[in-house]
Amino acid sequence: MALKIAFLLFFIISIVLPTRNAFEICSTDDSDLSIVHIYGKCSPFALPHKQETWFDTVVKMANEDPGRVAYLSTLIGQKSKTSVPVASGHQVLNTGNYVVRAKLGTPGQLMYMVLDTSNDGTWVPCSGCTGCPTTLFLPANSSTFGSMDCKMPQCTQVKGLSCPTSDSSPCLFNQSYGGDSSFAATLSQDSLRLALDVVPNYAFGCINAVSGGAVPPQGLLGLGRGPMSLLSQSRSLYSGVFSYCLPSFKSYYFSGSLKLGPTGQPTKIKTTLLLRNPHRPSLYYVNLTGITVGKVLVPIAPELLAFDPNTGAGTIIDSGTVITRFVEPIYSVVRDEFRKQIGRTISSLGAFDTCFIAKNEAIAPTITLHFTEMDLKLPMENTLIHSSAGSLACLSMAAAPSNVNSVLNIIANLQQQNLRILFDVANSRLGIARELCN
């Protein structure tokens, strides 16, 4: 009943609200940690309403996933077989998919920062930046801002450039992001405000120059678990616990939520073990043990699912990839069984190679991901995407790109929508529960 009421409300709002100003319906409550899709109504990066359908937007974003997968593969030491081409010619940013409101400095300056669970660092574009957008953090306007010395231990954690032998100087560092972009920054510190909480002396990169289109326009909030992440810098405040609920791409007028710390987290939630790779501690590995399509447990060689800290192989949960990507042998058997069970003529569209005509979802089998001590039965909205006309449906998964030597399986954000994903780093657990995030 609650779901019916929610969808009725969504329908009514979709009729009434397009006439209202862009941010009139959006929360400006400082106690709120809403997550919005980067092209949703409450994002400063929103596309004009109905300029293109959400389906078209998802197709474009999924087409850019190879850049993200290539980036994640470099994090575990893998290399691309060829360079990843830079996407151009359309308005969809090659960047993260969800943003949250944060304030940096004293007084706080509002930034819409991309959430990234596979990155440790926090960085924002600063005044004087070359190649940055117009919304910049102004260090001179903050009474608590300070640059960090290159001899400080944090500088080695961001792999700062060599320090002069004679004296100290600001910590300068370069970093790549998204597969085709990079930036230069100065390691700095200031007060970070998230809802009503303030993290003093928060270390972040003050970006001086950007190259490429993947660097988030108003900065990034690293939710990984390495030494420079939000979790590590706020351990006394949040105890290594956070969760999020990502709203559906289709929910143009709605937002999800980010919850920091143990308070207010769901208590009745199924969990699985979080695995830690000492060579790449930022990434959230889980033990995927099998995949069922309908009632068929598809045959997968155990070594394709096995967690290997030395090679980086295994399965991660990632907030920045659009559609779930399996290594090619795994995806092939899942896709082939899915096609067999639907028994329809198959076509391709962009990154989606299993599209078919379907007037309802009843013909599609449920896909279940089996983890240690936990099964995730994907809702149909997390399995298929539908064209705006509603007749074409596509399996919203794909193989790892052919130009990437990827050994990673990536559970992506489309498969996480309308689920509460709980990261309990202190107890090495990851939990998942159904929740209407909108």
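Heavy-atom basis, side chains included; hydrogens, waters and symmetry copies ignored.
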(request) Report the C-alpha distance between T289 and T372 in whole Å, list the side-chain angles of each, state the deciding distance to 0.1 Å, and finish with yes or no for side-chain contact (heavy atoms from CB on, under 4.5 Å). (result) CA-CA 7 Å; T289 59; T372 301; 3.9 Å; yes
(message) Which heavy atom of M113 sits nearest to which heavy atom of L220, and what is that distance?
(response) CE-O, 3.3 Å
(message) Would you compute the distance between atom CG of L172 and atom SG of C206 and round it to the nearest 0.5 angstrom?
(response) 11.0 Å
(message) Apply side-chain hydrogen bond (donor to acceptor under 3.5 Å, both in side chains) to residues E381 and N418 and explain how you reach the verdict.
(response) CA-CA 9 Å; E381 67 169 340; N418 284 325; 3.1 Å; yes
(message) So P139 and S127, do their side chains get closer than 4.5 Å, heavy atoms only?
(response) yes
(message) I'd like to check Q109 versus N141 (side-chain heavy atoms, cut-off strictly below 4.5 Å). Are they in contact?
(response) yes
(request) Starting from the C-alpha separation in whole Å, work towards a yes-or-no answer on salt bridge (charged side-chain N to carboxylate O under 4.0 Å, His left out) for R429 and E373. (result) CA-CA 11 Å; R429 307 298 294 182; E373 303 174 17; 2.8 Å; yes
(request) Would you indicate whether the side-chain heavy atoms of S396 and L414 approach each other to under 4.5 Å? (result) yes
(request) Output the distance between atom CG (D308) and atom CG (N277), rounded to the nearest 0.5 Å. (result) 8.5 Å
(message) If you define the side chain from C-beta out and look only at heavy atoms, does anything of L422 sit under 4.5 Å from L430?
(response) no
(request) Consider only side-chain N and O atoms of T292 and T368, and report whether a donor and an acceptor are under 3.5 Å apart. (result) no
(request) Could you check if a side-chain atom of W123 sits within less than 4.5 angstrom of a side-chain atom of N119, using non-hydrogen atoms only? (result) yes
(message) Can you confirm whether Y331 sits close enough to D353 that some side-chain heavy atom of one is under 4.5 Å from a side-chain heavy atom of the other?
(response) yes
(request) Mind running side-chain contact (heavy atoms from CB on, under 4.5 Å) on I410 and T315 for me, showing each step along the way? (result) CA-CA 6 Å; I410 304 168; T315 301; over 6 Å; no
(request) Return the minimal non-hydrogen interatomic distance between V114 and P216, and the atom names on each side. (result) CG2-CB, 3.6 Å
(request) Would you confirm whether D318, through its side chain, and T321, through its main-chain N or O, come within 3.5 Å as a donor-acceptor pair? (result) yes
(request) Kindly indicate whether the side chain of Q189, heavy atoms from C-beta on, has any atom under 4.5 Å from the side chain of P200. (result) no
(request) Look only at the side chain of S142 and the backbone of T106, and say whether a donor-acceptor pair between them is shorter than 3.5 Å. (result) yes
(request) Check whether the ring centres of F423 and Y244 lie less than 6.0 Å apart, and answer yes or no. (result) yes
(request) Report yes or no: do E328 and S332 form a side-chain donor-acceptor pair below 3.5 Å? (result) yes
(message) Side chains of S191 and Y202: any donor to acceptor distance under 3.5 Å?
(response) no
(request) Return yes if some donor-acceptor pair links the side-chain N/O of D120 with the main-chain N/O of G226 below 3.5 Å, else return no. (result) yes
(message) Please tell me whether N208 and T186 have a donor and an acceptor in their side chains that are separated by less than 3.5 angstrom.
(response) yes
(request) For T324 and M397, indicate whether the former's side chain and the latter's backbone hold a donor-acceptor pair under 3.5 Å. (result) no
(request) Take the angle between the ring planes of F137 and F204 and call it parallel below 30°, perpendicular above 60°, tilted in between. (result) perpendicular
(request) Measure the CG-CE distance between L221 and M111 for me, rounded to the nearest 0.5 Å. (result) 12.0 Å
(message) Any donor-acceptor pair under 3.5 Å linking the side-chain atoms of Y285 with those of N409?
(response) no
(request) Mind listing the closest non-hydrogen atom pair of K377 and T366 along with its distance? (result) CG-CG2, 3.2 Å
(request) Check P309 against H279 and note the closest heavy-atom contact, atom names and distance. (result) O-CD2, 3.1 Å
(message) When you measure from the side chain of R325 to the backbone of V327, do you find a donor-acceptor pair of N or O atoms at a distance under 3.5 Å?
(response) no
(request) For residues S282 and S118, report the shortest heavy-atom separation together with the two atoms involved. (result) CB-O, 4.3 Å
(message) Would the distance check show the side chain of N413 and the main-chain N or O of N97 forming a donor-acceptor pair, the cut-off being under 3.5 Å?
(response) no
(request) Measure from the side-chain N and O atoms of Y238 to the backbone N and O of K259, and report whether any donor-acceptor pair falls under 3.5 Å. (result) no
(request) Take R225 and L274 through the side-chain contact (heavy atoms from CB on, under 4.5 Å) test and state the conclusion after the steps. (result) CA-CA 11 Å; R225 49 180 172 175; L274 266 179; 4.2 Å; yes
(request) Please say which of D375, N287, L305, T272 ends up in a side-chain contact (heavy atoms from CB on, under 4.5 Å) with H370. (result) D375
(request) Please determine, by modelled atom types, if R420 and S257 share a side-chain donor-acceptor pair under 3.5 angstrom. (result) yes
(request) Report the C-alpha distance between T156 and F173 in whole Å, list the side-chain angles of each, state the deciding distance to 0.1 Å, and finish with yes or no for side-chain contact (heavy atoms from CB on, under 4.5 Å). (result) CA-CA 10 Å; T156 61; F173 67 97; over 6 Å; no
(message) Return the OG1 to CD distance between T383 and Q415, rounded to the nearest 0.5 Å.
(response) 7.0 Å
(message) I'd like to know if the side chain of S239 and the backbone of V241 have a donor-acceptor N/O pair within less than 3.5 Å.
(response) no
(request) Nearest 0.5 Å please: distance from the CD1 atom of I432 over to the OG atom of S243. (result) 12.0 Å
(message) Could you check whether the SG atoms of C129 and C132 sit less than 2.5 Å apart, since that is the cutoff I want to apply?
(response) yes
(message) What I'd like to find out is whether the side chain of M228 reaches to under 4.5 Å of the side chain of L187, using heavy atoms alone.
(response) yes
(message) Would the distance check show the side chain of S234 and the main-chain N or O of L237 forming a donor-acceptor pair, the cut-off being under 3.5 Å?
(response) no
(message) Can you tell me how far apart OG1 (T122) and CG (D190) are? Round to the nearest 0.5 Å.
(response) 12.5 Å
(message) So which atom in I317 and which in Q416 form the shortest heavy-atom distance, rounded to 0.1 Å?
(response) CG2-NE2, 3.7 Å
(message) Ignoring hydrogens and geometry beyond distance, is a side-chain donor-acceptor pair present between Y177 and D116 at under 3.5 Å?
(response) yes
(request) Measure the distance from the SG of C171 to the SG of C150 and say whether it is below 2.5 Å. (result) no
